[in-house]
Structures are given as C-alpha cells and as structure tokens.
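Worksheet: one structure, shown below.
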Amino acid sequence: MAHDKITLADRVLQVPPSPTLAVNAKAKALKAAGADILNFSVGEPDFDTPAHVCEAGKKAIDEGHTRYTAVPGIPELREAVCNRFREDHGWEYAPEQIQVCCGGKHGLYNIFQAILNPGDEVLVPAPYWVSYPPMVQLAGGVPVEVPLDEQMDFDLNPETLAGHATGRTRAIFLNSPSNPTGSVFSERALRAVAEMALEHNWLIVSDDIYETITYGGDRLPHILDVEPAVKDQTIVLNGVSKSFAMTGWRIGYSAGPEYIIKAMNKIQSQSTSNPCAPSQYAALAALTGPQDFPGMMRDAFVERRDFFVRDLESIEGVTCVNPRGAFYVFPNFSAYYGRSFGGRKIEGSVAMADYFLDEARVASVPGAAFGADDFVRFSFATSMEVIREGMERIKAALAALE
Ligand SMILES: *Cc1c(COP(=O)(O)O)cnc(C)c1O
C-alpha cells in the first residue's frame, strides 16, 4: 500500500473514530445483502415533513428564492424565531440575537469556533450526544466529562459538577431532554449550573432540540426560567429537525447575546455563507403555521416508549430509566457483560450492539458512543410492530448468553 503523502491536521487526528461506524457499516452491509434487520439506530423521527412545510419549500424555489441570503438567515425567519421564543417561553430576543444555520449541529459548531481558545475546557455531562466532544476538540478546546448517575435518573449532581470545574472552564452543555437518555435536568441541578456559571463567567449552551417532544405534560424546567440572570451568558440552540421532522432540510438556530451571535456570523460568513435558501422558507412555514405537529408525534411516541421501557425492565438484570422526552431508550445491559455466546465474550457496549446485530438482526447504537459503556441506545422512532418484534429478538439473544 502506498504511504499517505499528505500529513493530516493534528486536530483531525485527535478526534477518535466514532464507535458507531463499524456497527453502522455492518448493519448496512447485512441489509444490502438482504438480511431482515430491524433498525433502532436512527436518530430522526419516522414521520414525513408536514405537507404545508414541503409546499412552502417548493413555492420558495418557484418564486426564485434560490440565491444567497443574509448570513444569519432571512429577516422573516429570524423574526419568526423571536416570536416562537416569546410565545412559547416569554423570552425576548431581537432578530440581531438570532443566527439561523445549517442544522442544529452546525449551530453548536459555530458557537465553539466563536468562543474557544486552545486548552479551554467545556463541561460535557455524560452520557452526552456523540458530537459534543469532537466539536469542542475541533475548536481547540478540551471536553471534560461530568458523569451523570443512572440511579439519579441521569440528573446533574451539583457536587459532581463542582468537582469537574477548573480555572479553565469556559462553557457547559445542557441537553434536556437528552439524547441518548431522554432524561430532564431538575430545577435544583439547573440552579446549581446557573450559580456556578454566574460566578465563573461560563457560557451556558442549552441544546433544546427535543423540547417539543416530552411526555407527562408538565412544563420542563429551563435554565432561563430558573435563573433569568444567566440570559446574558446563555446560547439557546434549537431547530426544526426533530420538532417538524425536517432533518434533511438542515435548518437550526441559535439565540444569545448579540456579540457572540456576531462572532458566530463571522464564522458562518467564511464557511457556509448562509443556510439553504428554500429550506429557510420551509422552516418559516413550520414556525409560523399550526404548532400541533410535534404533539401529534409525541402522542404516537408515548405508547411505544411505554411498551419499550416496560418490556426492557421485565428482563432480568436490565434497568432502563423512563425517558421524559426525545425518542430513545437507554437500557443498562452491563449485567450481561462478561457472558459469552459460542465462545464469543461480550466485553462492553460495542460487543453487545454487535451481538444484537449478528444474533437478533437488531441495529442499535453502543453506549460507548455517548460516553456510557454500560448502555445501548434504541430509537423508538419506528413502528410498534418493529418494536414488538425487536424486543422478542433481543430477549432471545440475551437468554442465549451464558
Ligand atoms: C438531532 C440533534 C441535534 C440537531 O440536529 P440537526 O439535524 O443538525 O438539526 C442537536 N442536538 C441533539 C442532541 C440532537 O439529537
């Protein structure tokens, strides 16, 4: 094999390869070869984008909205984002405090490019969304994991948080409801974050992408409501990917202090220029039209969640926190680690997910991808039939381990 001639950047080399890649590739290959794979690995709603939103996207193309737009997004959309924040939460933002970007993920990327210097630390409650640590690393920062305890329903413990803060801490991620756990941070936890952030001038990055997909009816605590004083040092990140089943349209948005949004606009202007023009008009229709779509999805998800959690918890040795939002279950299979099948020992979540794929024809995501090796993530953004069949297969596979 020829040697690679070009030296790659250190920042790329320090990002570890994704633990999900191998399992994903194998699931795809098996499926392509005709295997009957039940897929629980997908991180998007199994609903189509609402028709009126698709129509708005098509109309935008027909009307010639096919050129560059303003860097932070079209003014109408930024205005609509401000109105949503006001109506849904009572938060006041001016359009200059909004950046529309190419999906929520891109918004987070812009934030860290705008605020981090080499060696700056960012607190990442773990289990975390896969992309958080690499985003920090690619901006020259150091992700610092703050472990969350399954026994506490993955709430953030103020003492643990304090134990991981240092003089180099610059920011903290909040993701409530969380991907992968579905857990929600308590008011007590958020108050502790707010107090520490105020004292040490941390930026709070609140990833609210699942805020409309919650169960139980209660309004979730939000750090901006728990302690409004942190608004000057908080970026709220949201988007239409999950709430309106628009993952492929690539529209997300951030709201925060104008000077930080301006810095993020500088990054965006020199990288993507602006988010996709027709997609912005589709997102405008989503945010200004009827708001019942997320509730309709939630009503479909709740039955699946209830079944999934109950069935998982009925398996000996398996525990599963009941998700209060999002569309994932995150059961703990560590009681099965160390057991074997046909001479093959299950050492951790990657081996477990691989075993589920081989023996149960079930695709899942190993917890190692989220910094939590005791767990495996299953998405319930799929039909009840698939969930029922998948659970039968999982139970059989677990029973076959010795
Ligand atoms: C899906 C997701 C996002 C945003 O995804 P985009 O498709 O980039 O809009 C952000 N945070 C979490 C935790 C997610 O699961």
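In what follows, residues are counted from 1 in the order of the sequence shown. Below, all heavy atoms of this structure are taken into account, side chains as well, without hydrogens, waters or symmetry copies. Both ligands and their constituent atoms are indexed starting at 1 by order of listing.
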**Fill in**
When Q99, K266, K105 are each screened for side chain to side chain donor-acceptor pair (under 3.5 Å) with N110, the one that passes is Q99

**Message:** Does the plane of the ring in F112 sit parallel, tilted or perpendicular to the ring in F173? Use 30° and 60° as the thresholds.
**Reply:** tilted

**Item:** Side chain, backbone, both or neither: E44 near ligand 1, heavy atoms under 4.0 Å
**Value:** neither

**Message:** My understanding is that we take every heavy atom of each candidate and find the minimum distance to atom 12 (C) of ligand 1. Doing that for D208, I251, D207, V130, which one comes out nearest?
**Reply:** D207

**Item:** Where ligand 1 meets G103 - atom numbers and elements under 4.0 angstrom, heavy-atom basis
**Value:** 8 (O), 9 (O)

**atom 15 (O) of ligand 1 [closest protein heavy-atom partner, distance rounded to 0.1 Å]** = Y210 OH, 2.7 Å

**Message:** Listing request: all salt bridge (Lys or Arg N to Asp or Glu O under 4.0 Å) pairs with a residue in residues 392-401, at least two apart in sequence or in separate chains.
**Reply:** D36-R393, D311-K395, E389-R393, E392-K395

**Message:** Check for me whether R305 meets the cation-pi criterion with F308, that is, NZ or CZ under 6.0 Å from the six-membered ring centre and within 45 degrees of the ring axis.
**Reply:** no

**Asked** Which ligand 1 atoms are under 4.0 Å away from a heavy-atom of K105?
**Response** 4 (C), 6 (P), 8 (O)

**Request:** Could you check if a side-chain atom of I261 sits within less than 4.5 angstrom of a side-chain atom of S254, using non-hydrogen atoms only?
**Result:** yes

**Prompt:** If we only count N/O pairs under 3.5 Å, is H106 in contact with ligand 1?
**Reply:** no

**Asked** Going by distance alone, is a donor N or O of one side chain under 3.5 Å from an acceptor N or O of the other, for W249 and T49?
**Response** yes

**Asked** Hey, are E150 and T319 close enough side-chain-wise for a donor-acceptor pair under 3.5 Å?
**Response** yes

**Message:** At under 4.0 Å between heavy atoms, is it the side chain or the backbone of K242 that contacts ligand 1, or both, or neither?
**Reply:** side chain

**Atoms in ligand 1 flagged as close to G104, the criterion being non-hydrogen separation under 4.0 Å** = 4 (C), 6 (P), 8 (O), 9 (O)

**Item:** Minimum-distance protein heavy atom relative to atom 7 (O) of ligand 1
**Value:** R250 NH1, 2.8 Å

**Asked** Counting from 1, what ligand 1 atoms have a heavy atom of N179 closer than 4.0 Å?
**Response** 13 (C), 15 (O)

**Item:** Quiz item: cation-pi between K231 and Y93, 6.0 Å / 45°
**Value:** yes

**Asked** Of the backbone atoms (N, CA, C, O) and the side-chain heavy atoms from C-beta on, which set of N175 has a member under 4.0 Å from an atom of ligand 1: side chain, backbone, both, or neither?
**Response** side chain

